[in-house]
Amino acid sequence: MDECYRKLVEKVNKYNPQCDWDMLSRAYKVSREAHEGQHRKSGEPYIMHPLEVAHILADLELDCESLVSGLLHDTVEDTSYSVQQVKKMFGEQVALLVDGVTKLGKIPYTTKEEQQVENLRKMFLAMAKDIRVILIKLADRLHNMRTLKCVTEDKQREKARETLQVFAPLAHRLGIFKIKWELEDLSLRYIDPVAYYEIVESIDLKRQEREAYLSNIIEEITGKLKDLKIQGHIEGRAKHFYSIYRKMYTQNKGIDEIYDLFAVRVIVNSVKDCYGVLGTVHELYKPIPGRFKDYVAMPKPNMYQSLHSAVIGSTGKPFEIQIRTWEMHRIAEYGIAAHWKYKEGKTGVSDLDSKLSWVRQLLEIQRDLTDAEEFMQTLKIDLFADEVFVFTPKGDVINLPAGATPIDFAYYIHSAVGNRMIGAKVNGKIVPIEYSLKNGDIIEVLTTAATHGPSRDWLKIVKTSQARNKINHWFKKEKREENVVTGKDLVEKELKRLGFTHNQLFKDEWIDIVLKKYSFNSLEDLFASVGYGGITAPKIVGRLRDEYKKAEQPESIEPKETEPDLHYQHKKKQGNNGIVVKGIDNCLVRLARCCNPVPGDSIIGYITRGRGVSVHTEDCPNVVSNQEDDSRLIDVAWENAQNASYLSDIQMLANDRPGLLADITNDISDSKVLLRGMNTRTTKDKVAIINVTLEINTTEQLNKIIKKLRKIDSVFEVKRSRQ
């Protein structure tokens with residue numbers, strides 16, 4: 001313990017030799033005596049925790065009062081010492097810090113009760129008076145997370161979730177990335193240990209390859225900087241585990257698909273050198289369009305400054321490069337804490353007026369707000385990224401999910417406001433209805449007195465289930481007659497597409513089965529639902545077709561007798577579509593148009609009456625509905641034919657716009673796929689329905705072109721057609 005304190009003194013002496021050593025020594029002795037006999041879950045003496053917290057604060061190069069408060073931060077909560085005693089022994093500032101940290105420790109962030117809201121409000125006011133309250137608590141939480149393995153699994157997950165939801169966002173808001181990243185990585189270790197250790201192992205396996213690649217890049221950049229006579233420090237680093245995890249989760253990628261797993265950082269002496277290095281890097285490597293960000297000219301709200309650019313390395317691998325000065329680097333690592341550094345023997349806090357405006361505003365808010373819960377909601381504006389808090393023109397605060405639009409806002413106010421909405425103003429300016437609301441926006445909904453109603457396109461834009469349900473309710477109630485007509489029309493078109501008449505499928509007994517299955521009271525209700533999009537016409541007609549096929553009594557065709565050890569016999573003549581039929585040679589084979597199977601699909605044969613074997617995908621509804629008649633199903637397989645080609649239909653849905661078809665045909669052409677046909681139509685809601693027929697060779701080729709088409713602007717659905 002004394003050795004740990006001695007190392008703390010050595011660490012502090014390096015950056016602040018003018019520290020009040022007497023006060024620091026007294027704080028250590030008081031803390032050691034107060035926690036005498038107490039032990040942590042790990043079994044070590046409790047005094048090791050406040051000592052380690054003080055070490056973390058020293059790493060941030062905080063002032064002596066912060067270190068003293070770190071040593072004493074648990075004395076009021078866990079021992080017989082009071083805030084008044086601390087104030088008498090160490091002064092008002094230390095007492096304020098210890099009291100603020102103690103309040104924060106008592107707050108269970110998962111509760112919404114009024115007394116906890118009030119406690120949270122008091123704590124943030126203490127933070128507004130002295131931001132070091134949060135810095136000490138972050139250090140406290142970081143050490144607790146480092147030693148979390150000693151508590152129960154339930155406690156581990158609880159603390160890890162709280163850390164991700166509250167403390168990591170706080171560290172981010174304060175710009176202390178050094179602590180933020182470690183908190184997030186440690187939280188991931190306990191929230192999703194399987195993913196965490198998979199990432200750790202994957203990164204470790206490629207360590208040598210990565211280090212060799214980074215070493216080569218660093219050598220190339222170093223040579224160029226010497227030519228330009230720019231002094232700089234260059235280092236390579238892997239992305240943090242939580243950052244990789246988030247990318248894998250949000251982009252649905254495996255770790256092998258994430259190529260920018262590392263970044264190169266260049267630290268120079270001046271802003272001029274930053275831009276000089278940037279130019280040099282862009283000469284050496286090809287920059288990726290749209291991936292350059294200048295946080296030097298436009299710093300982030302948390303004071304972060306750096307030049308970011310993503311480039312393609314000499315081996316074709318992309319990597320990120322960050323360029324900053326030493327001062328920018330210090331602020332990037334320590335954020336707000338960087339302003340407690342001591343220079344030239346002078347103590348005091350730097351002028352933070354421009355950089356800590358959000359903290360100063362907390363005191364101003366406190367003067368204006370008397371309601372504790374409203375105060376907490378206002379605070380969330382700056383702390384939590386998964387919600388946005390916007391204002392009505394009268395100043396009422398509205399809480400919406402991140403990414404919410406003016407439509408969500410309008411329906412939050414009232415369904416009548418949303419139904420009559422024709423536009424919106426944000427901060428006095430008219431914006432598109434798909435505009436993503438930002439924290440602090442003042443929203444004014446523009447409405448019309450005439451009957452207007454929402455657009456069906458809004459269902460694709462809104463983010464809240466509340467808005468979506470109210471829009472659907474409007475279409476169900478206000479346009480019932482129109483929906484019934486639209487629904488009938490859609491059903492008739494689906495019947496024609498499948499080659500059926502209305503009289504063939506719409507038998508009373510079959511209709512009753514469908515109404516009961518989908519909980520409709522009448523056929524008119526069914527048509528209305530199809531009309532407003534509650535259920536699709538293909539689903540209704542498909543179900544009726546199933547009943548039709550069950551009632552049909554087809555003739556049974558017996559397959560030819562074969563030897564007991566049936567095997568696939570290859571049909572050599574043209575016209576077999578690359579299909580081998582088990583036990584039957586030289587029979588007519590055709591690919592079913594209802595499911596358009598292509599090589600790579602799992603397939604099954606169906607013996608038709610007079611038209612040979614029809615080949616379907618195994619999950620084709622037509623095959624599934626005929627499973628009861630096994631005698632007509634037969635095993636088939638793809639023949640290993642070279643250069644065989646097949647027709648496959650794709651349906652695309654997109655918001656109609658100029659140039660859409662050109663973009664689609666260009667992408668198909670670039671993929672070296674033959675376009676054999678195209679049919680397009682646009683609904684009255686400006687949704688383009690595009691059916692294309694492609695000539696392809698394999699399922700893999702088809703999946704690649706589908707994936708590419710999905711990336712086209714305005715396209716929101718691409719799928720294989722099931723006719």
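Numbers here simply count residues along the sequence, with the first being 1. Worth knowing before you read on, the calculation uses all heavy atoms, side chains too, and leaves out hydrogens, waters and symmetry mates.
- Separating the CD1 atom in I136 from the CD1 atom in I56 is a distance of 12.0 Å, to the nearest 0.5 Å.
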Q: Before giving the answer on salt bridge (Lys or Arg N to Asp or Glu O under 4.0 Å), spell out for E182 and R146 the whole-Å C-alpha distance, their side-chain angles and the decisive distance to 0.1 Å.
A: CA-CA 9 Å; E182 189 174 353; R146 287 174 178 175; 2.7 Å; yes

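- In this model, a donor atom of one side chain and an acceptor atom of the other lie less than 3.5 Å apart for Q38 and H35.
- At least one side-chain heavy atom of Q84 sits less than 4.5 Å from a side-chain heavy atom of K87.
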Q: May I have the step-by-step check of salt bridge (Lys or Arg N to Asp or Glu O under 4.0 Å) for K137 and D140, ending in yes or no?
A: CA-CA 5 Å; K137 189 57 192 178; D140 174 47; 2.6 Å; yes

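- No more than 12 heavy atoms of other residues, nucleotides or ligands sit less than 6.0 Å from atom NZ of K178.
- Summarising the local packing, CD of Q231 is surrounded by 12 or fewer heavy atoms from other residues, nucleotides or ligands at distances under 6.0 Å.
- Residues L57 and L135 approach most closely at CD2-O, 3.7 Å, considering heavy atoms.
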Q: Decide salt bridge (Lys or Arg N to Asp or Glu O under 4.0 Å) for D59 and K11; before the verdict, give the C-alpha distance in whole Å, the side-chain angles of both, and the deciding distance to 0.1 Å.
A: CA-CA 8 Å; D59 289 335; K11 188 181 290 186; 3.0 Å; yes

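- Look at E283 and K224 and you find no salt bridge, because none of the NZ, NE, NH1 or NH2 atoms lies under 4.0 Å from a carboxylate O.
- The closest side-chain heavy-atom distance from T147 to R40 is below 4.5 Å.
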**Q.** Evaluation steps, side chain to side chain contact (heavy atoms under 4.5 Å, CB included), between I230 and T280
**A.** CA-CA 11 Å; I230 294 177; T280 299; 5.7 Å; no

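- Side-chain atoms of L183 and Y242, non-hydrogen and from C-beta on, never get closer than 4.5 Å to each other.
- Under 4.0 Å is where a charged nitrogen must lie from a carboxylate oxygen, and between E65 and R132 at least one such pair does.
- Residues I221 and Y285 meet the side-chain proximity criterion, which asks for heavy atoms closer than 4.5 Å.
- E10 pairs in a side chain to side chain donor-acceptor pair (under 3.5 Å) with only one of the listed residues (K14, K7, R6), which is R6.
- Using a 4.5 Å heavy-atom threshold, the side chains of L307 and V277 count as separate.
- When all heavy atoms of I179 and A171 are compared, the pair lying nearest together is CG2-CB, 4.4 Å.
- Counting heavy atoms from C-beta on, the side chains of D74 and V53 never come closer than 4.5 Å.
- Here the closest non-hydrogen pair linking Y245 and A195 is CE1-CB, 3.6 Å.
- Side chain to side chain, E327 and H329 fail the donor-acceptor criterion of an N or O pair below 3.5 Å.
- Heavy-atom minimum distance, A160 versus M145: CA-CE, 4.1 Å.
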Q: For V12 and L8, run side chain to side chain contact (heavy atoms under 4.5 Å, CB included): C-alpha distance rounded to whole Å, both residues' side-chain angles, the deciding distance at 0.1 Å, then the answer.
A: CA-CA 6 Å; V12 176; L8 174 66; 4.1 Å; yes

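- The shortest distance between side-chain heavy atoms of I267 and T325 does not fall below 4.5 Å.
- Between Q322 and S306, the shortest heavy-atom contact is CB-OG, 3.9 Å.
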Q. Would Y190 and R161 satisfy side chain to side chain donor-acceptor pair (under 3.5 Å), going step by step from the backbone distance to the final call?
A. CA-CA 9 Å; Y190 296 104; R161 280 194 295 268; over 6 Å; no

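- Taking OG1 of T163 as the reference point, atom CZ of R141 lies at 4.0 Å (rounded to 0.5 Å).
- For F292 and H308, the distance between ring centers is not under 6.0 angstrom.
- We find the SG-CG distance between C19 and N13 to be 9.0 Å, quoted to the nearest 0.5 Å.
- With a 4.5 Å cut-off on side-chain heavy atoms, V264 and E320 do not count as touching.
- Between the CD atom in Q156 and the NZ atom in K149 there is a gap of 10.5 Å [rounded to 0.5 Å].
- Interatomic distance, CG of D154 versus NZ of K159, reported as 13.5 Å (0.5 Å rounding).
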Q. Could you go step by step and tell me if R32 and K29 meet the side chain to side chain contact (heavy atoms under 4.5 Å, CB included) rule?
A. CA-CA 5 Å; R32 186 177 61 184; K29 289 176 182 176; 4.2 Å; yes

**Q.** Trace of the side chain to side chain contact (heavy atoms under 4.5 Å, CB included) decision for I321 with V266
**A.** CA-CA 8 Å; I321 187 158; V266 183; 4.0 Å; yes

Q. Could you walk me through whether Y275 and D294 pass the side chain to side chain donor-acceptor pair (under 3.5 Å) check?
A. CA-CA 10 Å; Y275 290 99; D294 188 344; 2.9 Å; yes

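- Between the R324 side chain and the R330 main chain, no donor and acceptor come within less than 3.5 Å of each other.
- The two atoms that bring A27 and V68 nearest to each other are CB-CG1, 3.6 Å, heavy atoms only.
- With ring centers used as reference points, H49 lies under 6.0 Å from H73.
- Below 30°, between 30° and 60°, or above 60°: for Y28 and Y5 the angle between ring planes is below 30°, a parallel geometry.
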Q) Can you check side chain to side chain donor-acceptor pair (under 3.5 Å) on S25 and D22, steps first, answer last? A) CA-CA 5 Å; S25 176; D22 176 63; 6.0 Å; no

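- To the nearest 0.5 Å, the span separating CD on E36 from OH on Y46 amounts to 14.5 Å.
- Residues Y196 and F241 place their aromatic rings such that the two centres sit under 6.0 Å apart.
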